[in-house]
Amino acid sequence: MTGFLIQRLLQAIVIMAVMSVIVFAGVYAIGNPLEVLLPPEAPQDIRDAVIKRFGLDRPLWEQYGLYIYNLFQGDLGRSYIYNEPVLQLIFGRLPATIELVLTSVIGALVIGVPLGIWAGYRPNAFSSRAIMAVSILGFSVPTFWIGLILILTFAVNLGWLPSGGRGDTVEVLGVAWSVFTLDGWSHLILPATNLALFKLAIMIRLARAGTREVMLSDTVKFARAAGISEGTIIRRHVLKLISIPIATVFGLELGSTLAFAVVTETIFAWPGVGKLIIDSIQNLDRPVMMAYLILTAGLFVTINLVVDLVYALLDPRLRRRAAP
Amino acid sequence: MTILTVDNLVTQFFTRSGVVTAVDGVSFDIKRGEIVGLVGESGSGKSVTGFSLLGLVDQPGRVTSGSIRLGGEELVGKSDRDMRAIRGARIAMVFQDPLMTLNPVITIGAQMRLAIRAHGAVSRRAADERAAEFLTKVGIREARARLSAYPHEFSGGMRQRVAIAIALLLGSELIVADEPTTALDVSIQAQILDEVRELAAESGTALLWISHDLAVVASLASRVLVMYRGKIVETGPTSKVLAAPQHAYTAGLLASLPAMATPGTPLSVFRPETMTVERPEPVALPPSPSAGQPFVTVTNAVKHFVPSRTLGDKIAAKITANPGQPTVKAVDGVSLTIAKGETLGLVGESGSGKSTLGRMIAGILAPTSGTVTMDGAPVMEGGRKAGTRIQTVFQDPFASLDPRMRVGDIVAEGPLAHGLTNKSDRVAYVAGHLSRAGLDPGLATRFPHQFSGGQRQRIAIARALAMQPEVLVCDEPVSSLDVSIQAQIINLFLELKRDLNLTILFISHDLSVVRHLSDRIAIMLNGRIVEEGITETVYETPQDDYTKRLLAAVPKLSAAA
């Protein structure tokens, strides 16, 4: 197990190194930031001064080296557009995305797994068929369209909930959060629902498939033969046996939602990092793009590492590798 | 005192293609402390009978009529809630595969606590004490500490002991044991049979022992029920039934056993269509070729499996001073020879290295050191199997045949690739080899799933024969088959030996099958051969201690007679 974790850490370092090269080269390839930074009629001497200031005259590898050097100093550069340190910019927006994503992913888990277990436990019941039909909708209807329908129904027609923005926020640990105010929740609930639907469908399907398989296993038959009640069998046996694929997908979904909640954030005017990255791509704001992509890669690597640790917690057979 | 009376029990499955009657009017009773054997082949309804007693028949099946009375109380028609109070407390069950029955992600202690608390509120402390007490009873040392262990930290035999302990926990009057020793090695099986006999006598618990293995039942049960196609066709004291079977099916089952026949003679085959036993004419086998020149030669073969170590593993080993997984010495210095036309039986328990040795001889696996040659030439060249003169038949005919290929294509694939036949001759070529293996050549266009286990093993044999091999490596080829089918396949091997002068390495854990087919046998333990010699000599006068123990552990039909 220890060896496995060390191996994973080494892999993570390699992945981050390769990722930074690809991102740097890729961002370099798309457009010249001078066109955004300067008006078309700017004179040549100002042009030269700006080029020199941002180091754009140096060879690519030198620019890359400087970038990595600064990165290790904790300096990811300043945004061309906002003229603010990039880190400050991203971390200012991150809490909004984190609370939106965690609410939706955890909501999907807490609602989806029990529904999926029920659908797997009673595959022929009407309620199970209804759950599965809804989950197909969650898969097949595009997110943006559901978002629009939610706004149309709850904000425009019924007028129950606001259609966008974060609402009131409270400072906790020096960061602004919406989840701790009632008004914040009223703003959060629609985008979180919108983001959760797809994940909910996946959780339902995973839990259902796992439950159907486990219910037919000898483990469950043996537990029944010992007179253990169905409720206990599901809580103590089934839930633990189906948890590994769920943990895997939960980790992947968490990462991809954090990185790509863009569509939902745009529709609900949610001021998270998704909106920031879209703006920075449009404005060719290189430092923001770079920092965002590298942070995203780091996020995925970290989540995968945590998922591996969770595996070992869930399945004692994987811990065995540590034993001599 | 009778504790269980089953009267005219009928269990049916309501499938889409119609009603299947798995248990068809079964009646029997069991007395307190009695061990009753329930014997039958796969599909006879013996397991469904066991599940019916606990009210645990899977959907779409259910008990449709009859009665099951436990101490005078009728169980048929009881609600699931009422049945749950009986399961585990008054009737318990032990299953075949302890690997599958215990939950791999929950500790043994927690699983035992769940079973205890299912029948009443008990403090954790008291539950643990009770669990440890029963683990000790079934022979698990330091039981208290072992409660926090997970199933994978126990060996197969130990796991089955844990399952038995769970069944005993609440003092059940009856334990239904469904093939509980089938997945275990003979020596472990012998220990568990002894322990079960003692436990039953000590606690007064009655046992319904379901098994396909007549010898196991003979060594354990005082009374036996023989089941065939959902009905009990014969019942009586074990010794009487085995010595003088009244029903044709029982007689057929007994006659099919290699242990009941003279080694090397064709076995009797039971024909269910006519309910008769066919006794084939004895065939004259050529005199034992064991004295001939070595044809296959294994010299000091070693196979070590070194666990693959990543860079991370190496660093971890340095930091924690823990070397990680050790090298597995599967085969650790084996030398043997097989003469032309000879059959060598290779016997050993699980983990002895017999399959690894077989794969090295078949040219599928390269030895770590040492050599394997056939007819003077190495069986592997440049890391690949050399030539087609050695072929293999595997244990599981369900896994070894590609389910998406037609039988004819399966048989023709190798010969076509090696130019042994061509496109225009292939139908006749395949037909010839299918009939050689005892199959109707007209079935060549079907898929493997349309055949029974025994027929599939014939297909696997036909596939091997179609390569025109001189050496056949057979790894447990009859282990997954029912006794009556097993007899047919053994007879097929005898015919092949006689007609084709094949050199055969026959790997098996079943000592009676090996004895029946082999000219010479070798016994493996921990990667080494501990004894080798002419079959009858080894069986009659074993020299090595392990061989003696192994032979003594085999349950014998005569034990009860």
Side-chain angles (χ1 to χ4, degrees), chain A residues 1-14 121-125 212-244 247 305 308 310-324, chain B residues 51 54-56 58-59 80-81 83-107 110-112 114-119 149-153 163 166-167 169-170 176 307 309-317 319-320 322-326:
Chain A
M1 194 65 213
T2 326
F4 176 71
L5 284 177
I6 294 174
Q7 182 70 13
R8 275 307 176 95
L9 276 173
L10 294 175
Q11 285 173 353
I13 293 168
V14 174
Y121 180 69
R122 284 279 147 81
N124 296 320
R212 285 201 76 169
E213 201 184 310
V214 172
M215 286 316 292
L216 295 176
S217 71
D218 279 358
T219 305
V220 167
K221 274 191 198 154
F222 186 65
R224 281 180 176 157
I228 296 169
S229 70
E230 296 293 289
T232 310
I233 287 175
I234 286 176
R235 268 181 285 116
R236 299 297 304 272
H237 287 289
V238 177
L239 199 57
K240 248 194 146 179
L241 286 169
I242 65 170
S243 58
I244 283 204
L305 209 62
D308 284 334
V310 170
Y311 281 174
L313 275 181
L314 292 175
D315 193 337
R317 286 167 294 183
L318 299 174
R319 275 176 248 159
R320 194 188 188 181
R321 284 172 64 107
Chain B
F51 281 114
L54 283 96
L56 277 180
D58 278 328
Q59 291 288 340
D80 197 56
R81 199 189 174 80
M83 277 312 288
R84 205 184 301 143
I86 288 171
R87 290 199 287 264
R90 300 187 59 195
I91 306 182
M93 192 156 177
V94 178
F95 292 69
Q96 174 169 353
D97 192 348
L99 255 170
M100 312 296 283
T101 48
L102 296 173
N103 188 334
V105 297
I106 304 180
T107 61
Q111 297 190 46
M112 297 184 85
L114 283 178
I116 294 170
R117 287 175 168 173
H119 299 282
Y150 289 93
H152 71 260
E153 297 172 66
I166 292 177
L169 269 178
L170 293 155
V176 178
R309 289 219 166 94
T310 60
L311 183 58
D313 288 332
K314 284 176 193 156
I315 296 172
I319 299 170
T320 59
N322 176 345
Q325 286 177 308

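Numbers restart at 1 for each chain; the letters A, B, ... are given by sequence-line order, proteins then strands.
The two atoms that bring B/Ala118 and A/Gly227 nearest to each other are CB-O, 3.5 Å, heavy atoms only. Nearest heavy-atom pair across A/Arg224 and B/Leu56 is CB-CD2, 3.7 Å. Of all heavy-atom pairs between A/Phe222 and B/Met93, the closest is CE1-O, 3.4 Å. Between A/Asp218 and B/Thr101, the closest heavy-atom pair is CB-CG2, 3.8 Å.
For the atom pair A/Gln7 CD and B/Lys314 NZ, the distance stands at 9.5 Å (nearest 0.5 Å). To the nearest 0.5 Å, the span separating NZ on A/Lys221 from CE on B/Met100 amounts to 10.0 Å.
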Subject >> Worked verdict on A/His237 versus B/Leu114 for side chain to side chain contact (heavy atoms under 4.5 Å, CB included) >> reply: CA-CA 10 Å; A/His237 287 289; B/Leu114 283 178; 3.7 Å; yes
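Counting heavy atoms of neighbouring residues, nucleotides and ligands inside a 6.0 Å radius, atom CE of B/Met83 exceeds 12 of them.
The contact between A/Ile228 and chain B is made by backbone and side chain atoms together, counting heavy-atom distances below 4.5 Å. In this structure, no portion of A/Leu9 lies under 4.5 Å from any heavy atom of chain B. Contact annotation for A/Ser229: both backbone and side-chain heavy atoms come within less than 4.5 Å of a heavy atom of chain B. When heavy atoms are compared at a cutoff of 4.5 Å, B/Leu169 does not approach chain A at all. With a 4.5 Å cut-off on non-hydrogen atoms, B/Ile106 touches chain A through its side chain but not through its backbone. With a threshold of 4.5 angstrom between heavy atoms, B/Leu54 approaches chain A through side-chain atoms but not through N, CA, C or O. Interface remark: B/Ala167 contributes no atoms to any contact with chain A (heavy atom separation under 4.5 Å).
In terms of non-hydrogen atom pairs under 4.5 Å with chain A, the most contact-rich of B/Pro104, B/Gly55, B/Ala115 is B/Pro104. Counting heavy-atom pairs under 4.5 Å between each of A/Val214, A/Thr232, A/Leu10, A/Val220 and chain B puts A/Leu10 at the top. Chain B forms the most heavy-atom pairs under 4.5 Å with one residue out of A/Ile233, A/Thr219, A/Leu5, A/Leu216, and that residue is A/Thr219.
With a 4.5 Å cut-off on side-chain heavy atoms, A/Leu241 and B/Val105 count as touching.
Listed by first and then second residue, the salt bridge (Lys or Arg N to Asp or Glu O under 4.0 Å) pairs that reach into residues 232-243 of chain A come to none, sequence neighbours excluded.
Scanning for salt bridge (Lys or Arg N to Asp or Glu O under 4.0 Å) contacts around A/Glu213 gives an empty result, with sequence neighbours left out.
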